[in-house]
Amino acid sequence: MSWSRIFTAVFLSISVAGCGFEPLYRNPASGLSVRSALHEIRVDPIADRVGQVLRNHLQTALNPTGQISEPQWGLSVSLKESVSEIALEAANYSTRANLSLHAEIVFSPLEGTAAKVRKATFRAVSSYNLVDSEYANLVAERDARKRAAIDLVEDIRRQLVLWLRSETGTG
């Protein structure tokens, strides 16, 4: 390795350390790990099939090991779905549709915590083509619903991490 590469690596390491960069999942002030706090979230059942898909992906995103710990937090999610047809042809029939999932979440402590209840709203939109085959349309809509649910999971997980960071003392 040349000296210029070594110098560049050292310089970048020092500049990143000096800019206030902190890992998202670690709280250096208190020594608490946000990642371990994610394992303490109980996700309440969500209605309908898309709710089951969202809950399963959310549980995996929060606790990939699947090991159950004592829940300290509760997360309830309510979903609303809407489909809007777009891209009208000259014969006035749709060739494309947008499936929107709206999620309202309530994140609250279960017992003995002075933390406050937090609420947020999220929205994910997934598009799909409409064709002459009814079966193909049903499959495309189902896949769009799953893609939208997975997008919601990422947004919800990111928000939970930020809330947990503030609860552990670095917010």
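Between V53 and A149, the shortest heavy-atom distance links the atoms CG1-CB, 4.4 Å. Of all heavy-atom pairs spanning L110 and P71, the tightest one is CD1-O, 3.5 Å. Considering all non-hydrogen atoms of both residues, K146 and H57 come closest at CE-NE2, 4.0 Å. When all heavy atoms of V83 and A97 are compared, the pair lying nearest together is CG1-CB, 4.2 Å. The two residues N129 and R96 have their closest heavy-atom pair at OD1-NH1, 2.6 Å. Pairing each heavy atom of A148 with each of L101, the nearest pair is CB-CD1, 3.7 Å.
Residues forming a side-chain hydrogen bond (donor to acceptor under 3.5 Å, both in side chains) with N137 (at least two apart in sequence, or on another chain): none. The side-chain contact (heavy atoms from CB on, under 4.5 Å) search around D143 returns V139, R147, not counting sequence neighbours. In terms of the side-chain hydrogen bond (donor to acceptor under 3.5 Å, both in side chains) criterion, residue partners of T65 (sequence neighbours excluded) are, by chain and number, N63. In this structure N56 satisfies the side-chain contact (heavy atoms from CB on, under 4.5 Å) test together with Q59, sequence neighbours excluded. For T60, there are no side-chain contact (heavy atoms from CB on, under 4.5 Å) partners at least two apart in sequence or on another chain. With sequence neighbours excluded, the residues forming a side-chain contact (heavy atoms from CB on, under 4.5 Å) with T121 are E104, listed by chain and number. By the salt bridge (charged side-chain N to carboxylate O under 4.0 Å, His left out) test, E154 pairs with R157, sequence neighbours left out. Partners of F107 under the ring pair (Phe, Tyr, Trp, His ring centres under 6.0 Å) rule, at least two apart in sequence or in another chain, are W73, W163. By the side-chain hydrogen bond (donor to acceptor under 3.5 Å, both in side chains) test, R55 is found to be paired with no residue, residues two or more places apart in sequence or in another chain being considered.
The list of salt bridge (charged side-chain N to carboxylate O under 4.0 Å, His left out) pairs with a residue in residues 75-84, not counting sequence neighbours, reads E81-R145. Evaluation of the salt bridge (charged side-chain N to carboxylate O under 4.0 Å, His left out) test over residues 41-54, restricted to residues two or more places apart or in two chains, returns R42-D44.
Counting heavy atoms from C-beta outward, E141 and L99 have side chains that approach closer than 4.5 Å. Here the side chains of I46 and V77 are in contact, with some heavy-atom distance below 4.5 Å. With contacts defined as side-chain heavy-atom distances shorter than 4.5 Å, the pair L54/V153 qualifies. Annotation: side chain of K119 is not in contact with side chain of S76 (no heavy-atom distance under 4.5 Å). Put simply, the side chain of L75 reaches to within 4.5 Å of the side chain of L58, judged on heavy atoms.
A distance of 8.5 Å separates CZ of F122 from CG of L152, quoted to the nearest 0.5 Å. Atoms OG and CD1, on S108 and I105 in that order, are 10.5 Å from each other to the nearest 0.5 Å. One distance of note links CD of Q159 with CG of L164; it measures 10.0 Å at 0.5 Å rounding. Within the model, atoms CD1 of I86 and CG of L130 stand 9.0 Å from one another, a figure rounded to the nearest 0.5 Å.
In the hydrophobic clustering (ILVMFWY side chains linked at under 4.5 Å, chained through shared members), V131 stands by itself.
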Q. Stepwise, does the side-chain hydrogen bond (donor to acceptor under 3.5 Å, both in side chains) test hold for S84 with N98?
A. CA-CA 5 Å; S84 59; N98 283 342; 4.6 Å; no
